[in-house]
Amino acid sequence: MSSTTTSSTTSGSAIGTTPVFSVEGLWKVFGPKADRVPADPELAALAPAELRTRTGCTAAVRDVSFDVRKGEVFVVMGLSGSGKSTLVRCLTRLIEPTAGTIAIDGEDVRAMDRTRLRELRRHRAAMVFQHFGLLPHRTVLDNVAYGLEIQGLGKAERRARAAEVVAKVGLEGMEHRRPSQLSGGQRQRVGLARALAVDPEVLLFDEPFSALDPLIRRDMQEEVIRLHREEGRTMVFITHDLSEALKLGDRIALMRDGAVVQLGTPEEIVGSPADDYVREFVRDVPREQVMTVRTAMRAGDCGGPGHPGALAPDEVVADAIRVVARSGAAACVVEDGRCLGVVDHERLLGVVAGTEPHKEAV
Amino acid sequence: MATLTATAPRTIPGALKQPAVRKLLLLALVAAILVPLANARWASGAWPDALTVDLSEPLARTSDWIIDNRDSHPLFLYFFGHISNAVVLSVRAVYLVLLAAGWAGVTAIAALVAWRVAGVRLALGTAAGFLTCGLLGMWIPTMQTLALMVVAVLASAVVGALLGLAAGLSDRMDRALRPVLDTMQVLPAFAYLLPVVLVFGIGVPAAVLATVVYAAPPMARLTALGLRGADKEVLEAVESLGSTARQRLLTARIPLARKELLLGLNQTIMMALSMAVIASVIGAGGLGDRVYQALASVDVGAALAAGIPIVLLAVVLDRVTAAAGERLGTERKSPVHWAYALAAAVAIAVAGRLAGRLDWPEAWSLNIADPVNRAVDWMTAHLYSGVPVVGGTAEWAGHFTTWVLDPVRDGLQWLPWWSVLLIVAALAWLIGTWHTALTAVLAMAAIGVLGVWQPSLDTLSQVLAAVAVTLVLGFATGIAAARSDRFERALRPVLDVFQTMPQFVYLIPVVALFGVGRAPAVAAAVVYALPAVVRITTQGLRQVDPAALESARSLGATSAQQLRQVQLPLARRSLLLAVNQGVVLVLAVVIIGGLVGGGALGYDVVFGLAQGDLATGLVAGAAIVCLGLMLDRVTQPTERRTKKGA
Ligand SMILES: Nc1ncnc2c1ncn2[C@@H]1O[C@H](COP(=O)(O)OP(=O)(O)OP(=O)(O)O)[C@@H](O)[C@H]1O
Ligand SMILES: [Mg+2]
């Protein structure tokens, strides 16, 4: 859980503010004459079912805007059919967007010609797929080296590089097996290694762990967290699993029927849901694991420079409860040796119960 | 067709009956208006002369023109001529290489290839197969057939793969090709002979080209299928890494389709063998020719001596290619092994050469023709007729002809022509859509227009009789196999062998048993179609949802009730498919039956070829196409599956 603490800070030093991906008003409509839907405000405003009966079109992504910042894990989360896969495929134009703009490092993706787009896919963004998408007739090593082969690297060099990555994801000794001889978790490690091998700027994950059973899934999540901590690579992570989203995400975009209903840190999503849909969604989340002391504290002074049992503002409430319960008194919140406020029983209980006053204390 | 209605489950709810009744009523209405008109205008009875178009005149002229211009017209000089020369040259080259390798070399190379791709057991089988061919004194014809096969299979595989590639990559090509390939797959082999003879004349080029046309479709179908069936996510993953279209094709799509490609190659080889043997009628030479000549003089022994190598060739080729497909990707074969294998084979070939034993030694031949003929003579004397109580085989054939074939034929020919069309329409519409019904009726009408109404109905009567027998036997065996695992296990190898044998060889045993005539043709057709029908029936019955059976059993249904009320209705689709397959396969052999006295359309084709009267043959060939089309559409369940390969 300590990893949650470190990764759910928005102010972490690794994450810059320059956007890697910058998406603005993105639409993807499937169906006949899809172009007219985003263009016509009346059609654009229709509910999905009505849109389908009126035009025969499905708006898989509707008017989505967000930035993915350098070094962050950006999670897109939503129920099945909410348009997550479509959205992430639009980023590298595996699916051609209907309207809107996408920029990578300031360069317009939709304006790229074929060569430029291939360049983008080869070097700047690599994807990990739900069902792995491995080539069954190739060994693990050759699967991992596949991206490099596509780029035209020589056999010896690409194999050497692939072997390194294979070791990095913990598959040593399996280089010469076929995908069919691996377990699901191992296969997804190959998928991950294949994406890592091309050393992309951004990693895109489309529900990479949904096909794995819970224990393996947790292993793989830890693996992603470890990789992110070690390399600080920017990641866009698609999932339909809220706990996975909360665990991995620096920021989460919650999608429903193709639109983003809320975008924020895990704490913002859990602490201040934008509407009833989101509230219903996060109802069963163990709030003490997500909310931080920063939200729970009230103004106050700890009375003295000693700060016994001081808490950092980005520690989760669960840890604060432990400290406060042990000492039996309110604890102070200290950042850079400066006292920000205090947390006590009442405030902590309020957070857990979901009745805390929304940040007005800060 | 009677069996067809019998299999239609009686438990079908009223809802399903409704559209059927409506279709029939509509048809009756149309008939009520059109039939009196037609009757008034043209006589009833056989197809009216007024409605026929005599094609023999223009066809004969065309054929004469082609014969006259074959050596002078630029089209022949610069196009067909080159094709023809290329074919002759390549067949000749392969043949010479095979001869130069000698019997020891060929056997060794074949066995080593089999060993590398399919394992030790099949390698031994291959070697034994080839040695048997030599032992039977058939080495030279076997090599002739093999040479023709090598060229035809290579050409079919290339043509088929290219067509399949086009259909696999382009939706438009797929839509255009699919109906053509589907139709080609149901046409009897004989239908392909005449057009190529018209252009190329009788000889090896015609035989090879007919074989290519017949054998390429499965390769094309399966290539397209494999390319289209590739895992979408894998392709997406490959694309997400920035691959070019060419890279995608070469590193992902084709390798992903290799199972289908090999299956396609297997089917192409089997079809090619089947056709290469039949094409002896148009000058293919080799084993098929030996069988053909022997059958023409009712020399069963000689036919068998040439038939056994055909069967061996078929079994070896089928097993080795199938095993190669199954072993795909399980282990990597090192090129070093291949090099050793090749070196060993070459060494054996050279040794054979040095020993001066290129040709199969005369002394090692086993003459089976005479003993077989003696056995057949004995059979003719003792089993043909006059066997107490059971009669005799010839008597059975005679009875079958007088009591079944003749009445069915006379009945069909007695029916007014418009009523035949109506029956065709009704059947096709009930089982399929108005679309299939229209095609079927048009095909049947085309037969009338071609002026071969009577012989076509003769062929049709043989098909109907053979299909009825096939379905009765096939369903009974299939049901038995579905109910008893032991029986199915015992049956499977038999079916395997029977399904790989080329159509042509089925004629040999029936001639031995029943002599010549229509009844033997029907018998050969039954034997040929039976394995497929049994297999589809068994599979269909076994695939019935176990839960449905369970619940029937829990309600206390007897096993007969289970079969009648649960299994048969639920397996309806498979049973319809079995009927369709049965009809298609039966037709193919009934036509070939023209070679053993089956008469009708098949005979017209053979006669046309033998007399150089291509017009008669072509008209008969066209009628065969129409008949095949009609029979397929009449029995076509709405959903089709891949056909039997051989
Ligand atoms: N090629 C397509 N043609 C038409 N509609 C499509 C297509 N692809 C997706 N859709 C529709 O777009 C919507 C979003 O699909 P998408 O696959 O993006 O959802 P998802 O959030 O990834 O769901 P899941 O969690 O099941 O993967 C769905 O309603 C789907 O039916
Ligand atoms: Mg998805």
Side-chain angles (χ1 to χ4, degrees), chain A residues 85 88-89 91-95 112 114-139 142-152 176-181 187 190-192 194-198 200 202-208 211, chain B residues 116-118 161 164-165 168-169 171-172 222-223 225-266 321 323-337:
Chain A
S85 298
V88 73
R89 280 165 177 72
L91 293 182
T92 56
R93 282 172 57 196
L94 286 174
I95 292 179
M112 288 181 176
R114 261 203 279 173
T115 337
R116 195 81 196 113
L117 188 62
R118 262 205 303 273
E119 213 49 33
L120 161 71
R121 292 177 185 163
R122 286 182 178 182
H123 298 289
R124 295 162 81 177
M127 193 155 161
V128 180
F129 292 85
Q130 179 172 5
H131 301 287
F132 326 130
L134 303 178
L135 292 164
H137 58 285
R138 291 176 167 237
T139 60
D142 284 337
N143 262 295
V144 174
Y146 186 70
L148 302 170
E149 183 181 335
I150 293 290
Q151 296 174 10
H176 298 292
R177 295 211 197 162
R178 306 270 162 149
S180 56
Q181 297 163 321
R187 283 183 212 181
V190 179
L192 183 58
R194 179 177 61 187
L196 283 174
V198 299
V202 193
L203 273 177
L204 309 174
F205 294 86
D206 184 14
E207 301 200 27
Chain B
R116 291 317 301 163
V117 305
L165 209 59
L169 299 182
D171 287 337
R172 184 136 19 115
L222 281 157
T223 307
L225 194 74
L227 288 178
R228 294 193 162 264
D231 186 340
K232 288 281 173 303
E233 215 190 32
V234 177
L235 292 184
E236 203 171 32
V238 169
E239 192 178 356
S240 81
L241 288 164
S243 54
T244 60
R246 214 180 86 113
Q247 285 174 325
R248 251 190 320 277
L249 182 68
L250 293 180
T251 60
R253 297 192 81 160
I254 290 179
L256 285 175
R258 67 210 195 294
K259 269 234 145 71
E260 283 82 3
L261 289 176
L262 264 175
L263 186 63
L265 188 64
N266 170 283
T321 45
E326 270 156 32
R327 282 162 60 117
L328 254 194
T330 51
E331 67 182 277
R332 284 218 82 67
K333 284 138 208 156
S334 76
V336 183
H337 277 153

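Chain A is the first sequence line, chain B the second, and so forth, proteins listed ahead of strands; every chain is numbered from 1.
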Legend entry - Glu149(A) side chain reached by Asp142(A) side chain, heavy atoms, under 4.5 Å: no

Legend entry - Heavy-atom pairs under 4.5 Å with chain B, option from Gln130(A), Met127(A), Gln151(A), Arg114(A) with the top count: Gln130(A)

Inset, instruction - Could you grab the distance from atom CZ of Arg178(A) to atom OG1 of Thr139(A), nearest 0.5 Å is fine? - result: 6.5 Å

Legend entry - Winner by heavy-atom pair count (cut-off under 4.5 Å) against chain A, out of Asp231(B), Leu256(B), Thr244(B), Leu235(B): Thr244(B)

Legend entry - Ion pair Arg124(A)/Glu119(A), N-O distance below 4.0 Å: no

Inset, instruction - Can you tell which part of Arg89(A) gets under 4.5 Å to a heavy atom of chain B, answering side chain, backbone, both or neither? - result: side chain

Inset, instruction - Specify the closest pair of heavy atoms between Pro200(A) and Ala195(A), including all atoms of both residues, with the distance to one decimal. - result: CD-O, 3.3 Å

